[in-house]
J.: 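If you scroll down you'll find the structure; I have some questions about it.
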Amino acid sequence: MTNPYAWIERSLSTIHRANWYRSVREISGLAGAVVQLDGRSTLNFASNDYLGLAGDDHLIVAAVAATQELGTGSTGSRLLSGHRALHRQLEEAIAALKQTEDAIVFSSGYLANLGAIAALVGPKDLIVGDRYNHSSLKKGAVLSGATLIDYPHCDLAALQKILDRERSQYRRCLLATDSVFSMDGDLCPLPQLLDLAEAFDCMVLLDEAHATGVLGATGAGCVEHFHCTGRPLIQMGTLSKALGSLGGYIAGSAPLIDFLRNRAPTWIYTTGLSPADTAAALAALKIVRSAPQRRDRLWQNARVLKQRLRDSRLPWSLLPSASPILCLGLETATEALALAAQLETSGILAPAIRPPTVPTSRIRFSVMATHTPQHLETLVHALQRFASA
Ligand SMILES: *Cc1c(COP(=O)(O)O)cnc(C)c1O
């Protein structure tokens, strides 16, 4: 008798041996800058909740009220029985923030990328993407059946060479990139990318997951940060990071969004966003618009921590960043894991990010608007202690 599942345990031991094994950590209590980890109060530098909205009363009250009024589930796909006025209000609010004609919300950011890419390109087409792109952009490319070519991280000269050589062989071409790179914190050179797209007749899909609510004068994202508002492109984002809820979206021209409602499989064949998630995201967008001081505090904290990490002469290099994501590079996965474990014993949660997620190991810190100056100092002091130990 052979066991067709035996390979799974062998595969798991390979993952363990490479120090690539991962497991979940249980967080309890309300989301925030300080959380309970294994029953212990811990400083949270691992959250995508940049504005501290996931535990905010306005969002909680909105989610509870929507649940009481509409129920827990939306009970069907949007095109059948799952469409509510609240969904439309959220889509209009996203389009207003992004200054696009329209927007469409998906059940997650991951599904937004999969669905949009699969709808926009097919086997006759080409996708050229940054090598460091998020998994959802890469898997979307596979799902679409288009040819995928990666270019070296943020290297537009290399991208241009690829387009020179390949563009004419294909029908449509989609350039896909993160705007804020999620595991590094640096930004894609958007204006130049849009110029290239124009020159080579390419569409652009920009993943604003870590930029929405964070970058730009009104929190509209990298497009606003780079003064590219109104230029033709397709913007994707998530409701689950700075907006503190769950779900994803695509924002763009009215025909694009209408087309996606008819062709994006991960929107058509899945249940609509729950009333609670929809109402929470809508409440978050109101705060993004009406309380810019939250964004100011986030950036103030990011600037302070960056400066302190630089000034502390730590033995680990600070990776280039133009966002609230700050990373210290480590030589090996083992060292990154050891530093993360040391931080945790000091009551600080910050993840070791390792291959295969990224090419080189690092510790990643996400700054929040709700971190206090004391929180930042605690982190810096802990790092200084471990550096000299
Ligand atoms: C988190 C993330 C996504 C996925 O968004 P979810 O709403 O969490 O599914 C997509 N792209 C990037 C760059 C991300 O960081």
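In each ligand, atom 1 is the first atom listed, and ligand 1 is the first ligand listed. None of the values given here were measured: they were computed from a predicted structure. Just so it is clear, the values below take in all heavy atoms, side chains as well, and ignore hydrogens, waters and symmetry mates.
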J.: Has the side chain of Glu224 got a donor or acceptor atom that lies under 3.5 Å from a matching backbone atom of Ala217?
T.: yes
J.: Verify whether the ring centers belonging to Phe181 and His210 lie closer than 6.0 Å.
T.: no
J.: Look at the side chain of Glu208 and the backbone N and O of Ser179, then say whether any donor-acceptor pair between them is shorter than 3.5 Å.
T.: no
J.: Looking only at protein heavy atoms, which one is nearest to atom 1 (C) of ligand 1, and how far off is it?
T.: Lys241 NZ, 1.4 Å
J.: Side chain or backbone, does Met236 bring an N or O within less than 3.5 Å of an N or O on ligand 1?
T.: no
J.: List the closest protein heavy-atom neighbour of atom 4 (C) of ligand 1: residue, atom name, distance to the nearest 0.1 Å.
T.: Tyr110 N, 3.6 Å
J.: Just by modelled atom types, is the Leu51 backbone N or O under 3.5 Å from a matching donor or acceptor in the Arg294 side chain?
T.: yes
J.: Using a 4.0 Å cut-off to any heavy atom of Ala209, which atoms of ligand 1 qualify?
T.: 2 (C), 11 (N), 12 (C), 13 (C), 14 (C), 15 (O)
J.: Show which atoms of ligand 1 fall inside a sub-4.0 Å distance from at least one heavy-atom site of Ser182.
T.: 15 (O)
J.: Heavy-atom contacts with Thr238 under 4.0 Å: which atoms of ligand 1 show up? List them by number with element.
T.: 5 (O), 6 (P), 7 (O)
J.: Enumerate the atoms of ligand 1 whose separation from the nearest heavy atom of Gly247 is less than 4.0 angstrom.
T.: 7 (O)
J.: Look only at the side chain of Thr266 and the backbone of Gly115, and say whether a donor-acceptor pair between them is shorter than 3.5 Å.
T.: yes
J.: Just by distance, do the side chain of His87 and the backbone of Leu273 share a donor-acceptor pair under 3.5 Å?
T.: yes
J.: By number and element, which atoms of ligand 1 are closer than 4.0 Å to a non-hydrogen atom of Asp178?
T.: 13 (C)
J.: Keeping the roles fixed (side chain from Arg84, backbone from Arg88), state whether a donor-acceptor pair exists under 3.5 Å.
T.: no
J.: Any donor-acceptor pair under 3.5 Å linking the side chain of Asp186 with the backbone of Ser321?
T.: no
J.: Hey, does Asp207 come in under 3.5 Å of ligand 1, counting only N/O atoms on both sides?
T.: yes
J.: What protein heavy atom sits nearest atom 8 (O) of ligand 1, and how far away is it?
T.: Ser240 OG, 3.7 Å
J.: Against ligand 1, does Ser135 come closer than 4.0 Å with any heavy atom?
T.: no
J.: With a 6.0 Å cut-off on ring centres, are Phe45 and His371 close enough?
T.: yes
J.: Hey, does Ser136 sit under 4.0 Å from ligand 1 if you only count heavy atoms?
T.: yes
J.: Nearest protein heavy-atom contact for atom 6 (P) of ligand 1: which residue, which atom, what distance?
T.: Gly109 N, 3.4 Å
